[in-house]
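Inspection log for the structure reproduced underneath, given as structure tokens.
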Amino acid sequence: MEEWEALEQACHQCHNCPLANTRTNVVVGVGDRHADVLFVGEGPGENEDLQGEPFVGRAGQLLDEMLSLIGLYRDKNFYITNVVKCRPPQNRNPVNEEMKACRGFLDRQIQLLQPKVLICLGRFAAQELIRPDFGITREHGIWSLGEDGIWKIAIFHPSALLRDEFKRPATFQDLRAIREKIREVCPQVYANIKAPF
Ligand code: URA
């Protein structure tokens, strides 16, 4: 756990990019530090910046509700973080230099966690962690096994689901695929979770 504390401290002290000047809190990540399942979003929004926790606004509430349907809970069996740990002002998209400046923290989180399954929430995380030209509309729900041995998939970002309800059925199908992959490669994720899901 000391390694996690060191990582958290380094994040909190970070001034590697200009987002440090406008943040309220660094949003490092939350969840089970032994989890086999990792979710990665884009970057903190206003609520996350104020509370220091990822996905606590409307999009986060929707995400938690959807994940509970496949037996996943942030306090029990997954870890969740973002590509950038500080809020881009006005919720604009993070720029390349910001993502690059933050990448070492994400890599360290992946190294410490050693997840079996990694789920990218939206295009930014997918382009960072799966392939630079990843197309979320075309390629959501498709598994790839990385050279690092981690199964990776991307689903629509929950903010996109709030904007466009017609994307939800596809996401429910992707969530079922995630549940099946977990049952296949790391069934212990569900060991202490009550059915049905
Ligand atoms: N959107 C993200 O990508 N991450 C958060 O933490 C909140 C909203």
Side-chain angles (χ1 to χ4, degrees), residues 4 7-8 11-12 14 17-20 22-33 35 37-68 72-110 113 115 117-132 134-137 139-141 152-165 167-168 170-171 174-175 178:
W4 279 101
L7 171 61
E8 295 228 337
C11 286
H12 288 297
C14 177
C17 87
L19 295 183
T22 49
R23 73 185 177 217
T24 313
N25 284 296
V26 180
V27 182
V28 182
V30 289
D32 174 12
R33 290 173 175 180
V37 180
L38 171 63
F39 285 85
V40 181
E42 182 179 321
E46 185 180 14
N47 293 298
E48 292 76 20
D49 175 64
L50 292 173
Q51 295 181 44
E53 182 171 333
F55 287 99
V56 289
R58 270 183 75 214
Q61 281 165 18
L62 175 61
L63 181 67
D64 282 347
E65 280 167 31
M66 291 190 318
L67 295 185
S68 72
L72 294 178
Y73 302 89
R74 63 174 74 191
D75 58 338
K76 291 197 177 87
N77 55 4
F78 69 85
Y79 189 87
I80 185 162
T81 185
N82 285 300
V83 171
V84 295
K85 313 300 190 212
C86 296
R87 181 192 182 201
Q90 277 84 49
N91 295 351
R92 66 160 169 74
N93 295 329
V95 298
N96 271 340
E97 298 81 77
E98 292 158 358
M99 292 195 280
K100 239 204 230 142
C102 226
R103 180 63 199 247
F105 294 133
L106 180 58
D107 285 340
R108 183 72 179 137
Q109 286 172 312
I110 294 172
L113 205 61
V117 173
L118 191 162
I119 300 108
C120 299
L121 299 167
R123 171 172 71 92
F124 277 87
Q127 292 185 344
E128 197 63 21
L129 293 168
I130 300 178
R131 245 190 26 257
F134 191 94
I136 190 75
T137 304
E139 297 180 89
H140 70 86
K152 297 181 185 137
I153 195 171
I155 63 175
F156 287 119
H157 192 285
S159 301
L161 302 179
L162 287 174
R163 283 193 304 269
D164 180 0
E165 293 205 356
K167 289 195 164 86
R168 291 191 191 193
T171 301
D174 294 348
L175 289 171
I178 291 166

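When reading the values below, keep in mind they use all heavy atoms of this one structure, side chains included, and skip hydrogens, waters and symmetry mates. Ligands are counted one by one from 1 in listed order, and the atoms in each one are counted from 1 as well.
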Self-check item: Heavy-atom proximity to atom 5 (C) of ligand 1, best of P158, G43, G41
Solution: G43

Exercise. Heavy-atom distances under 4.0 Å are what count here, so tell me which part of E48 touches ligand 1: side chain, backbone, both or neither.
Key: side chain

Polar contact flag for [X] and ligand 1 (N/O pairs, less than 3.5 Å):
X	answer
P44	no
F55	yes
H157	yes

Practice problem: Name all residues meeting the salt bridge (Lys or Arg N to Asp or Glu O under 4.0 Å) criterion together with D75; count only those two or more places apart in sequence or in a different chain, and write none if there are none. | Solution: none

Quiz item: Would A59 count as a contact of ligand 1 if the rule is a heavy atom under 4.0 Å away?
Solution: no

Quiz item: Which heavy atom of the protein is the closest neighbour of atom 4 (N) of ligand 1, given with residue, atom name and distance?
Solution: N82 OD1, 2.8 Å

Quiz item: Are L7 and F105 close enough, and set up right, to give a side-chain contact (heavy atoms from CB on, under 4.5 Å), and what steps lead you there?
Solution: CA-CA 7 Å; L7 171 61; F105 294 133; 3.8 Å; yes

Quiz prompt | Pairing of R87 and E48 as salt bridge, 4.0 angstrom limit | solution = no

Exercise. Please report the closest heavy-atom contact between P158 and L63, naming both atoms and the distance.
Key: CG-CB, 4.1 Å

Quiz item: Hey, mind stepping through T171 and H157 against side-chain contact (heavy atoms from CB on, under 4.5 Å) and telling me if it holds?
Solution: CA-CA 9 Å; T171 301; H157 192 285; over 6 Å; no

Quiz prompt | Contacts of F134 that satisfy ring-ring contact (aromatic ring centres under 6.0 Å, His included) - sequence neighbours left out | solution = none

